[in-house]
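Beneath this line is the structure, given in structure tokens, with notes to follow.
Keep in mind that what you see is a predicted model, and the values were worked out from it rather than measured. Just so we're on the same page: letters track the sequence lines, and every chain starts at 1.
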There are 2 protein chains.
Amino acid sequence: MKPEIEPIKECSHTILAIHDVMDILNGKWKISIIACLCYKKMRYSELLREVKGISGRMLSRELKELEMNQLIIRTVLDTQPVTVEYEITEYGSTLKNLTNTIAEWGLKHRKRIIGK
Amino acid sequence: MKPEIEPIKECSHTILAIHDVMDILNGKWKISIIACLCYKKMRYSELLREVKGISGRMLSRELKELEMNQLIIRTVLDTQPVTVEYEITEYGSTLKNLTNTIAEWGLKHRKRIIGK
DNA sequence: TGGAAAGGTTACTTTTTGTAACTTACATCC
DNA sequence: GGATGTAAGTTACAAAAAGTAACCTTTCCA
């Protein structure tokens with residue numbers, strides 16, 4: 001019988017939950033993409049413009065992962081030439097609260113470091 | 001005069017703000033560490049136990065970065081042997097709302113995939 | 001006729017993470 | 001008094017993720 005040190009339960013549960021979220025929303029781009037698509041549905045090229053700094057390679061990877069996790073839907077539109085539309089799912093839109101909270105803190109932080 | 005396509009303003013601001021946050025809270029461990037320290041101050045070894053899966057190497061790196069960003073404080077205690085305590089700063093604790101929001105979504109998501 | 005836009009993919013490089021062993025100083029076990 | 005353990009890390013090396021830039025196909029527009 002080892003005298004194991006018990007992790008704090010309440011804390012451990014929180015950490016586990018956060019970990020679950022970070023597994024789905026990993027990398028620095030997914031939250032931004034979700035936030036964009038919460039705002040409105042967009043095409044690949046629009047996202048490339050909106051999510052500043054992301055490369056095509058990363059965007060397509062991230063979109064695939066988000067689609068696999070059923071947070072967004074990819075639709076190929078029957079236009080000439082074909083366009084592709086990415087839209088948040090109902091489930092994905094439950095993340096809106098989360099993205100808003102992050103953005104709010106970011107705005108406050110920006111004010112703080114810019115110095116009022 | 002190029003016919004530049006304007007990014008959506010409201011959306012762009014949000015994306016910028018999120019990007020700022022992700023620069024500070026990058027990687028998959030920082031948010032968990034902050035959440036832990038919001039719960040109570042902890043020593044290095046305690047964090048190593050609480051933040052399941054993190055390695056010593058990553059923990060010390062992440063702690064350094066968080067300290068640089070003034071979200072936590074490192075204190076060496078004059079004990080035998082020396083112990084080191086990490087504590088959230090007042091500023092860091094403004095992230096509590098953010099970590100809670102993430103954890104809440106994580107809990108709901110877990111229920112959903114486990115299939116209630 | 002030849003850009004440019006749309007929606008990507010590929011090859012290659014750089015950066016980040018992860019793994020595991022090692023360190024120094026004290027403390028306890030047998 | 002040698003072996004083992006805790007505390008708080010660091011180091012060297014390997015694997016994974018991200019970034020960069022060029023390329024591809026189809027179609028529109030001048």
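Residue pairs meeting the salt bridge (Lys or Arg N to Asp or Glu O under 4.0 Å) criterion with at least one member in residues 31-41 of chain A, sequence neighbours excluded, are A:K40-A:E46, A:K41-A:E85.
The distance from atom CH2 of B:W29 to atom P of D:dA17 is 13 Å, rounded to the nearest whole Å. Nucleotide C:dA6 holds its P atom 14 Å from the CD atom of A:E85, rounded to whole Å. Distance, A:L59 CG to C:dA5 C1': 16 Å, rounded to whole Å. The separation between B:L47 atom CG and D:dT6 atom P is 18 Å, rounded to whole Å. Rounded to an integer number of Å, the gap from B:R57 CZ to C:dT15 C1' is 11 Å. For the pair B:K64 NZ and D:dG9 C1', the computed distance is 8 Å after rounding to whole Å. The CG-C1' distance, from B:N26 to C:dT16, rounds to 10 Å in whole Å. If you take CE of A:M58 and C1' of C:dG7, they are 16 Å apart, rounded to a whole angstrom.
Cation-pi contact between A:R43 and A:Y86: absent, since separation from the ring centre below 6.0 Å together with deviation from the ring axis within 45° is not met.
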Exercise. Let me see the working for B:W105 and A:L95 under side chain to side chain contact (heavy atoms under 4.5 Å, CB included), right down to the final yes or no.
Key: CA-CA 7 Å; B:W105 193 87; A:L95 284 165; 3.3 Å; yes
Exercise. Apply the test side chain to side chain contact (heavy atoms under 4.5 Å, CB included) to residues A:I31 and B:V21: give CA-CA distance (whole Å), side-chain angles for both, the deciding distance (0.1 Å), then the verdict.
Key: CA-CA 11 Å; A:I31 295 176; B:V21 178; over 6 Å; no
Exercise. Start with the C-alpha distance between B:M42 and B:L37, add both sets of side-chain angles, then the distance that settles side chain to side chain contact (heavy atoms under 4.5 Å, CB included), and finish with yes or no.
Key: CA-CA 7 Å; B:M42 290 190 193; B:L37 296 179; 3.9 Å; yes
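When heavy atoms are screened at a 4.0 angstrom cut-off, A:R61 is found touching no nucleic acid atom at all. Among the heavy atoms of the strands lying under 4.0 Å from A:S55 is at least one base atom, whether or not backbone atoms are also near.
In this model, no side-chain donor or acceptor of A:R43 finds a partner on the base of C:dG7 within 3.5 Å.
Side-chain contact, A:K30 with A:N26: a donor N or O sits under 3.5 Å from an acceptor N or O.
Between A:Y86 and C:dG8 there is a side-chain N or O to OP1 or OP2 distance below 4.0 Å. For the pair B:S60 and D:dA8, the criterion of a side-chain N or O lying under 4.0 Å from OP1 or OP2 is not met. At least one side-chain nitrogen or oxygen of A:S45 sits closer than 4.0 Å to the OP1 or OP2 atom of C:dG7. Residue B:K28 places at least one side-chain N or O under 4.0 Å from the OP1 or OP2 atom of C:dG18.
Checked by atom type and distance alone, the side chain of A:Y39 never pairs as donor or acceptor with a backbone atom of B:S12 at under 3.5 Å.
Contacts between residues 65-77 of chain A and DNA chain D, defined by a heavy-atom separation below 4.0 Å, involve no residue at all.
When each of A:P81 and A:E62 is assigned the nucleotide of DNA chain D with its nearest heavy atom, A:E62 is the one assigned upstream, toward the 5' end.
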